[in-house]
Structures are given as C-alpha cells and as structure tokens.
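What follows is a single structure, written as structure tokens, with notes after it.
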Amino acid sequence: MKIIVRDNYKEMSQEAFRLFRESLRDSSVIGFATGSTPNLLYSMISNECRAGNISFKGKSSFNLDEYYPISRGSPESYRRYMEENLFRNIDINRDMINFPDSMMDEDETVRRYLDAYRRSGPVGTQILGIGHNGHIGFNEPGSARDSEIRIVRLSEDTISRNKTRMSMAVTMGIKEIMESTRIILLASGTEKSESIKRAVKGRVTGDVPASFLQEHENTTFVLDREAARLL
Ligand code: F6R
C-alpha cells in the first residue's frame, strides 16, 4: 500500500485526480464512491471531461453502494448524487453505468447487481472513501474478507454521521473491492485520522474493513495532512 500526503483537501483532490487520469487510460471499468470526500475530485473529472482532456467513451462504471430501499430520484439516493456530481457532466454511455436497483426485493436487488458484476466486472480503477469506523463501501465493522455484494444493516455510527433515516444499504463486498486492479482511497480531515491509522498500521481485521487493503497489491491512500496526522 502506498501513502501520499498533501497539505489540504484541494491538493489531496488534485493528487487523486492525477492518479485517476493516469490509470483511466488502462481501465475500462471504473468504480465510484459517493460521500463528501470525492466531491472536488468529481468536479475536476467533470471539468476535464467537458474540456475534452479525458473521456469515458467505451468505459463502464460500477458504484460501491446505495441505500436500500430507495428510489433513484430520491434526494438521499446515491444514484442522484452521482447524476448531479458526475454522470451528467461526463461522456459515459448511460447504458454502461451499473448501479444497484434498490427498488426490488432484497434477493432480486442483490441478484441483479451480482449478475451485472459477473458480466461486466471486475473493476479496473476503484475510487474509495473511508468511514470513521473504517468501513469501505458499506462494509461495516464485522465484514468478512470474502463478503460479496449483499444487503447490509448500517451501523448506528454511520446512520448518525450520514444524518440519514435509512438503516440498510446494498454494497459491493470486500471480495469485489479487492478484485479491483487499482484502488485510490481518499481521506481528508482529522476526524478520519483514527480510522486511517487503524487501516494502515493496525492488524488486518474485519473490525476495520479498510485494513484488508493492506493485502491489496495496488492501493494508494491519498490523504491530507489532517487525515494523516496519526501515521
Ligand atoms: C460511499 C461509501 C462510503 C464513504 C464513506 C466516507 O459510497 O462507499 O464508504 O466513502 O462513508 O464518506 P465521506 O466521504 O462522506 O466522509
């Protein structure tokens, strides 16, 4: 695992963009995360794509997770977040966007996303954030190394930090995340420093799902100084 530390959120995002652009050339499948951390990265990607400097033509995407159940137009939905922050700004073919359909019953939601992943996965370049409790995607503490796409119950910590009333989600598992060729994890702010320390320096355990990334061959943590302060 490689660690890059930049002074602040803006410089962290610029560095992540540089790595993303580099690896976009060799990746036909892109994995996206939501949340506040990749906001600036997504706006950089949007601007560079509008300027014609990068392109998503011929590429497909998977998103890590979505609340369950939720309609795609709901203000809280991750699908809507992605539409507003990225998809509508880039030249990706809409049919190539893979997203959990969170309106089906549980088995059908999982089956469809697993089928799509088996057909079009694995991911080439995966963008990740990290939760305060060390989650990646919605793989909360207690997730197994071989966990796959599934419906999960969110931890109380995640529910309160995300200020949501949703208590469940569909997420890619640790297994699918670990199958990505290249992972770029972003973290910013002191509130992430403890989970970053446990992910990078702690032992590899399902109690800190991000610690599994220590065993991934091509992962880069891009941090700002505050997130890296305990390293
Ligand atoms: C969201 C996701 C989550 C977030 C994490 C950090 O798709 O996969 O694991 O990356 O909760 O969220 P922010 O960036 O809002 O701190």
Side-chain angles (χ1 to χ4, degrees), residues 8-10 12-13 16 20 30-45 61-68 70 72 74-87 97-100 102 113 117 123 125-143 147-164 166-178 180 183-196 198-199 206-213 216 219-224 226-228:
N8 51 46
Y9 175 69
K10 184 174 173 200
M12 175 210 74
S13 305
F20 179 79
I30 315 298
F32 291 116
T34 53
S36 53
T37 312
N39 276 344
L40 187 54
L41 169 66
Y42 290 165
S43 111
M44 290 172 181
I45 293 174
S61 72
F62 280 88
N63 260 77
L64 277 172
D65 44 21
E66 176 60 287
Y67 288 120
Y68 180 86
I70 200 164
R72 59 158 62 186
S74 159
E76 266 203 79
S77 86
Y78 284 175
R79 175 71 198 222
R80 180 147 169 189
Y81 168 97
M82 288 305 296
E83 288 295 337
E84 290 174 356
N85 289 283
L86 193 70
F87 292 154
I97 295 172
N98 295 289
F99 222 97
S102 247
Y113 211 41
Y117 181 79
V123 167
T125 299
Q126 175 69 56
I127 302 293
L128 285 183
I130 183 171
H132 297 75
N133 59 6
H135 73 209
I136 46 177
F138 274 137
N139 294 283
E140 298 281 35
S143 295
S147 56
E148 298 189 282
I149 291 169
R150 65 200 187 287
I151 305 268
V152 293
R153 189 157 286 284
L154 299 175
S155 68
E156 289 304 324
D157 181 68
T158 297
I159 292 172
S160 78
R161 285 187 191 276
N162 287 11
K163 298 186 183 63
T164 180
M166 304 298 299
S167 60
M168 287 164 75
V170 48
T171 187
M172 284 187 140
I174 300 291
K175 178 167 177 284
E176 288 96 4
I177 292 174
M178 295 291 280
S180 314
I183 295 176
I184 303 169
L185 182 145
L186 283 69
S188 161
T190 40
E191 66 277 15
K192 294 288 173 71
S193 57
E194 186 62 38
S195 62
I196 288 293
R198 296 178 75 201
D207 293 342
V208 184
S211 66
F212 287 121
L213 299 172
H216 186 270
T219 288
T220 304
F221 277 51
V222 188
L223 312 173
D224 67 9
E226 288 182 351

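One-based numbering, in listed order, for ligands and for the atoms of each. The analysis underlying the following values was restricted to heavy atoms, covering all of them including side chains, and did not include hydrogens, waters or symmetry mates.
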Exercise. May I ask you to check whether Phe99 and Tyr78 place their ring centers less than 6.0 Å from one another?
Key: no

Practice problem: Would you please name every residue forming a salt bridge (Lys or Arg N to Asp or Glu O under 4.0 Å) with Arg150, sequence neighbours left out? | Solution: none

Quiz item: Of all the non-hydrogen atoms in the protein, which one sits nearest to atom 10 (O) of ligand 1, and at what distance?
Solution: Gly129 CA, 3.3 Å

Quiz prompt | Closest approach of any protein heavy atom to atom 16 (O) of ligand 1, naming residue and atom | solution = Lys192 NZ, 2.7 Å

Quiz prompt | Selected option - heavy-atom contact closest to atom 5 (C) of ligand 1, from Glu66, His135, Met82 | solution = His135

Self-check item: Identity and distance of the protein heavy atom lying nearest atom 1 (C) of ligand 1
Solution: Thr34 OG1, 3.1 Å

Exercise. Between Gly137, Gly131, Ser195, Gly35, flag the one that comes closest to atom 9 (O) of ligand 1 by a heavy atom.
Key: Gly137

Quiz item: What part of Thr37 sits under 4.0 Å from ligand 1 if we count only heavy atoms: the side chain, the backbone, both or neither?
Solution: both

Exercise. Run the salt-bridge test on Glu194 and Arg198 with the 4.0 Å N-O cut-off and return the result as yes or no.
Key: no

Quiz item: Which residue and non-hydrogen atom of the protein lie closest to atom 6 (C) of ligand 1, and at what distance in Å?
Solution: Ile130 O, 3.3 Å

Self-check item: salt bridge (Lys or Arg N to Asp or Glu O under 4.0 Å) against Asp207, all qualifying residues, sequence neighbours excluded
Solution: none

Practice problem: Before signing off on this row, confirm whether Asn162 and ligand 1 have an N or O atom pair separated by under 3.5 Å. | Solution: no

Practice problem: Say whether Arg161 and ligand 1 are in contact under the criterion: heavy-atom distance to a ligand atom below 4.0 Å. | Solution: no

Self-check item: Part of Leu128 within contact of ligand 1 (heavy atoms, under 4.0 Å)
Solution: neither

Exercise. Quick one: closest heavy-atom pair of Pro38 and Leu186, and the distance?
Key: CA-CD2, 4.3 Å

Self-check item: Short side-chain to backbone donor-acceptor contact, Asn85 and Ser43, under 3.5 Å
Solution: no

Quiz item: Taking all non-hydrogen atoms of both residues, which atom of Phe138 and which atom of Thr171 are closest, and how far apart?
Solution: N-OG1, 2.9 Å

Quiz prompt | Structural part of Leu64 in contact with ligand 1, heavy atom criterion under 4.0 angstrom | solution = side chain

Exercise. For the pair Glu140 (side chain) and Ser155 (backbone), establish whether a donor and an acceptor sit closer than 3.5 Å, ignoring hydrogens and angles.
Key: yes

Quiz item: So which protein heavy atom does atom 8 (O) of ligand 1 come closest to, and at what separation?
Solution: Asp65 OD2, 2.9 Å

Self-check item: Heavy-atom nearest neighbour in the protein, as seen from atom 15 (O) of ligand 1, with distance rounded to 0.1 Å
Solution: Ser36 N, 2.8 Å

Practice problem: Let me know which of Arg153, His135, His132 forms a side chain to side chain contact (heavy atoms under 4.5 Å, CB included) with Thr158. | Solution: His135

